[in-house]
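Working notes, beginning with the structure itself.
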Amino acid sequence: MQQELEVVKGERCRHLLSKGYYMNAGLKPEDRIGDGNFWCANTQTIYGPDKGFCNGKDCTTTTRSCYESP
């Protein structure tokens, strides 16, 4: 039987980038917009250094080898 690792969620990784981060600077939460596209600042692609997909959900998993808290 394969043992599952515990998934620990935190804030988004400090290396996760999105166009919305730049467009929403200073806006109230209810006024924020974005297209949902993310990329990693380390790799400059949609995949992190661990070859995992970059998005607002997966990049909150603190057990990813590339995760760094904000």
Side-chain angles (χ1 to χ4, degrees):
M1 187 164 135
Q2 188 177 18
Q3 184 179 20
E4 261 187 58
L5 293 174
E6 180 183 358
V7 176
V8 180
K9 297 289 184 177
E11 295 181 62
R12 289 181 174 172
C13 176
R14 66 180 293 153
H15 302 292
L16 182 67
L17 298 175
S18 166
K19 202 170 24 170
Y21 292 150
Y22 302 103
M23 296 177 356
N24 295 317
L27 294 179
K28 295 181 277 185
E30 61 271 12
D31 295 333
R32 292 181 183 164
I33 58 171
D35 56 12
N37 293 314
F38 295 92
W39 67 95
C40 177
N42 288 327
T43 62
Q44 294 298 307
T45 70
I46 61 170
Y47 299 102
D50 65 349
K51 309 292 187 241
F53 193 60
C54 293
N55 60 44
K57 179 183 171 201
D58 294 338
C59 292
T60 62
T61 305
T62 61
T63 52
R64 284 182 73 167
S65 61
C66 53
Y67 177 86
E68 286 189 39
S69 61

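Bear in mind that the values here come from a model prediction, so they are computed numbers and not experimental data.
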Residue set satisfying side-chain hydrogen bond (donor to acceptor under 3.5 Å, both in side chains) with N42, at least two apart, ordered chain then number -> none
Pairing residues for T45 by the side-chain hydrogen bond (donor to acceptor under 3.5 Å, both in side chains) criterion, not counting sequence neighbours:
T43
Taking only residues two or more places apart in sequence or in another chain, which ones pass side-chain contact (heavy atoms from CB on, under 4.5 Å) with C54?
L16, C40, C59
Determine whether Y67 and H15 make a side-chain contact, defined as any pair of heavy atoms from C-beta on separated by less than 4.5 Å.
no
Measuring from atom SG of C66 to atom NZ of K51, what distance do you get when rounded to the nearest 0.5 angstrom?
10.0 Å
To the nearest 0.5 Å, what is the distance between CZ (F38) and CG (D58)?
10.5 Å
Stepwise side chain to side chain contact (heavy atoms under 4.5 Å, CB included) check, I46 with F53:
CA-CA 6 Å; I46 61 170; F53 193 60; 3.6 Å; yes
K9 and T62: side-chain donor and acceptor closer than 3.5 Å?
no
Has the side chain of R64 got a donor or acceptor atom that lies under 3.5 Å from a matching backbone atom of G52?
yes
